[in-house]
Trainee: 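There's a structure below that I have some questions on.
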Protein chains: 2
Amino acid sequence: MTEGRSRRPGPRIEEVARVAGVSKSTVSRVINGEKYVSERSRQAVHRAIALLGYSPNHAARTLAGSKANAIALVVSEQGSRVLTDPFFAGVLRGVHAELAGRHVQLLLMMNQPSDGAGQVAYLTGGHVDGALVVSLHGEDPLPRTLHETGLPIVVGGRPLAGGSFPFVDSDNFNGALEAVRHLISLGREKIATIAGPADMAVGMDRLSGWRCGLAEHGLAVKLVVHSDFTPEAGALAMERLLHIAPDLDAVFVAADIMALGAMMVLQARGYQIPDDVAVVGFDDSVVAATAVPPLTTVRQDVEQFGRTMTWRLLAELAGEEKLPLSILLPTSLVRRASA
Amino acid sequence: MTEGRSRRPGPRIEEVARVAGVSKSTVSRVINGEKYVSERSRQAVHRAIALLGYSPNHAARTLAGSKANAIALVVSEQGSRVLTDPFFAGVLRGVHAELAGRHVQLLLMMNQPSDGAGQVAYLTGGHVDGALVVSLHGEDPLPRTLHETGLPIVVGGRPLAGGSFPFVDSDNFNGALEAVRHLISLGREKIATIAGPADMAVGMDRLSGWRCGLAEHGLAVKLVVHSDFTPEAGALAMERLLHIAPDLDAVFVAADIMALGAMMVLQARGYQIPDDVAVVGFDDSVVAATAVPPLTTVRQDVEQFGRTMTWRLLAELAGEEKLPLSILLPTSLVRRASA
DNA sequence: GCGGTCTCTGGGAGCGCTCCCAGATGCGGT
DNA sequence: ACCGCATCTGGGAGCGCTCCCAGAGACCGC
């Protein structure tokens, strides 16, 4: 006697119910963390689940229920750049960690060149309950579009374009402020900055921090060069700064990876780091510790970043009230040899 | 009159059937590309689908059918290390690209410290049709365990532990061989290597390539130091090499990231690169081009790596026969300033 | 003629859950 | 005593599909 259909292996909810001595309704309630379940039942169900190695069928839950039990992580940028970024990797790790234990699937989506509308259709088509959007450029319309359709989202990084959707960001302003205060405490007075792109909040916030730090002590806030987050652009920016002010004694660079390029130029021009010019970076990425000299930088906890985004989204999906619209995560100065 | 339950939007298969003037069985057959459907019916169904903007419900298909319409990408290692690895990021991109357009979902799984058995249970529990396993350490039992349960898998990187499951790997041996031949063509004769861990195939294969390259020209194959894939370990390894052989004139380093550390040490000791010591890395990761001096390295196409793994798995799931058990992807030398 | 095989079709059971409903119990206030 | 109201429980319909089955034709060879 063979089974007609090839059934999926593993126990069903019905069997858990039998073992626990309750109905499948009660098992379902326990799985979904609903109230109105006695402590006795709850524990019996947990024991039965552990005993049988039960794991609920995602498809069945989704089909029967009114939610998809999945969230999307949308990387809103040419994947090539983002994915090789340690920032993204850390965020992904955090998201995954926060999802552990909950029965929520993570769907990864990246902007295919051809996508666009298809992506929005998929996201709003009921396949996911919410989305985490890592949107690197300020002008990206995706967060707004998704938010307008009513899909719960959390954006990673403060959105420049206004709009009032929830976001999580590192405290870029205070990180930069702390960096500048540190440079000032070192006795530096001619402190330049290599800022990030003006169309990204992360760039603008770090620049604001630098400005405030200088203003606090009545120092000049003129030595600014914008750049993008590559070593080459950082090198170019440093050259322009040295051209304007050959006698600067410190640089706050808005990203470690740019700082690398800047340090190359400084050393090539014969400046000693940190004796002639102190350098502070931002991110505390892997390259900071292995730079020559090791880079003093502002640390942001990217894994916490991912965890927090996920927590915020799940809380909203769970119907929690009075959630903060935005969350800023602390940054901290990591002192190494360069400043 | 409000709807009792909040239904998902969009038409069902039943409605498509009505519009096309056939039964839902026939619509199902068309969707799944089965034979035994008349051309007339097929076209009518296609027209109805287009007219209604119908898109089949993933959960329902999975629940009713015998397949999950999803595959897992299992990262079998402490996520912390792996995820910040550009290698992983590239693979992920490739997997995603290959999946585009097919109705297959990608599930990301990482080894939580607590997991283990739970992970296996989930994977073999019918939630996925197959798994991509990026297994970095040779002794990892996961691929074998999964394979024994009958779950189709493709392993990324040659498994050390034997076992006959499909895998995809870069041609590490020939990449290393080419690197050494290049060094020899430069007139170098005392060529050391900083090898990867001995428990990883990627480490062993690159080491073998180095050995063969030297043996071809009757050069000594003594200068080996094992290390792991971090800059710090690379630096330490370089120090040990210099201690053994201060007069070496070239190093083949089994990973760019280790080469970074090695180059720091060489420069600190006053060696000129490449004049005194030529350095060749492996991977052609982002850091290679921005190193000082820019690093000559062996390029592997990590995105292609991911694509190939995915292609192989989907082909097997589609029931294709005579698929190659293992696939080696070509590597190529990228010449920059360091050698 | 008659059986066999291949092609095409519709009906309907059932995949494993969630969620509605109805009922049972306990506790407080009137 | 009565009615609420909150807490806990089980039964069962049904989510939208796939896949089995049965059956209707069409065509073949004997």
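Proteins come first, then strands; the chains are lettered A, B, ... in the order of their sequence lines, and each starts at number 1.
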Trainee: At a heavy-atom distance below 4.0 Å, what parts of residues 21-40 of chain B sit against DNA chain C?
Mentor: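 Result for residues 21-40 of chain B: B:V22, B:S23, B:K24, B:S25, B:T26, B:R29, B:Y36, B:V37, B:S38, sorted by number.
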Trainee: Starting at CD of A:E14 and ending at P of D:dA13, how long is that distance when rounded to a whole Å?
Mentor: 14 Å
Trainee: Would you mind reading off the distance between B:H127 atom NE2 and C:dC15 atom P, rounded to a whole angstrom?
Mentor: 16 Å
Trainee: How would you list, by chain and number, every residue that makes a salt bridge (Lys or Arg N to Asp or Glu O under 4.0 Å) with A:R61, sequence neighbours excluded?
Mentor: none
Trainee: Do A:S170 and A:Q300 pass the side-chain hydrogen bond (donor to acceptor under 3.5 Å, both in side chains) test, and can you show the C-alpha distance, the side-chain angles, and the key distance before you say yes or no?
Mentor: CA-CA 7 Å; A:S170 288; A:Q300 60 172 336; 2.5 Å; yes
Trainee: Where is the tightest heavy-atom contact between B:H127 and B:A70, given as atom of each residue plus distance?
Mentor: O-CB, 4.1 Å
Trainee: Side chains of A:D169 and A:V155: closer than 4.5 Å at any heavy-atom pair?
Mentor: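 In short, these two side chains do not touch, never coming nearer than 4.5 Å.
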Trainee: What is the separation between atom NZ on A:K67 and atom P on C:dC17, rounded to the nearest whole Å?
Mentor: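 Whole-Å distance recorded here is 13 Å.
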Trainee: Just the rounded figure in Å: distance from P of C:dC17 to CZ of A:R18.
Mentor: 14 Å
Trainee: Check the distance between C:dC19's C1' and A:N69's CG and give it to me in whole angstrom.
Mentor: 14 Å
Trainee: Determine the minimum heavy-atom distance between B:R312 and B:V154, stating which atoms define it.
Mentor: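 That would be CG-CG2, 3.7 Å.
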Trainee: So, is A:S66 close to the C:dT18 phosphate, meaning a side-chain N or O under 4.0 Å from OP1 or OP2?
Mentor: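 No, no such contact exists.
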Trainee: B:L63 CG to C:dA13 P: how many Å, rounded?
Mentor: 17 Å
Trainee: May I ask you to evaluate whether B:S41 reaches the phosphate of C:dT9, defined as a side-chain N or O under 4.0 Å from OP1 or OP2?
Mentor: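 Yes, such a contact exists.
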Trainee: Rounded off to whole Å, could you give me the CG-to-P distance for the B:N57 and C:dC17 pair?
Mentor: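 In whole Å, C:dC17 P lies 16 Å from B:N57 CG.
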Trainee: Whole angstroms only, please: what is the CD-P distance between A:E15 and C:dC17?
Mentor: 11 Å
Trainee: Would you name the heavy atoms of A:N57 and A:A59 that are closest together and state the gap between them?
Mentor: OD1-N, 2.8 Å
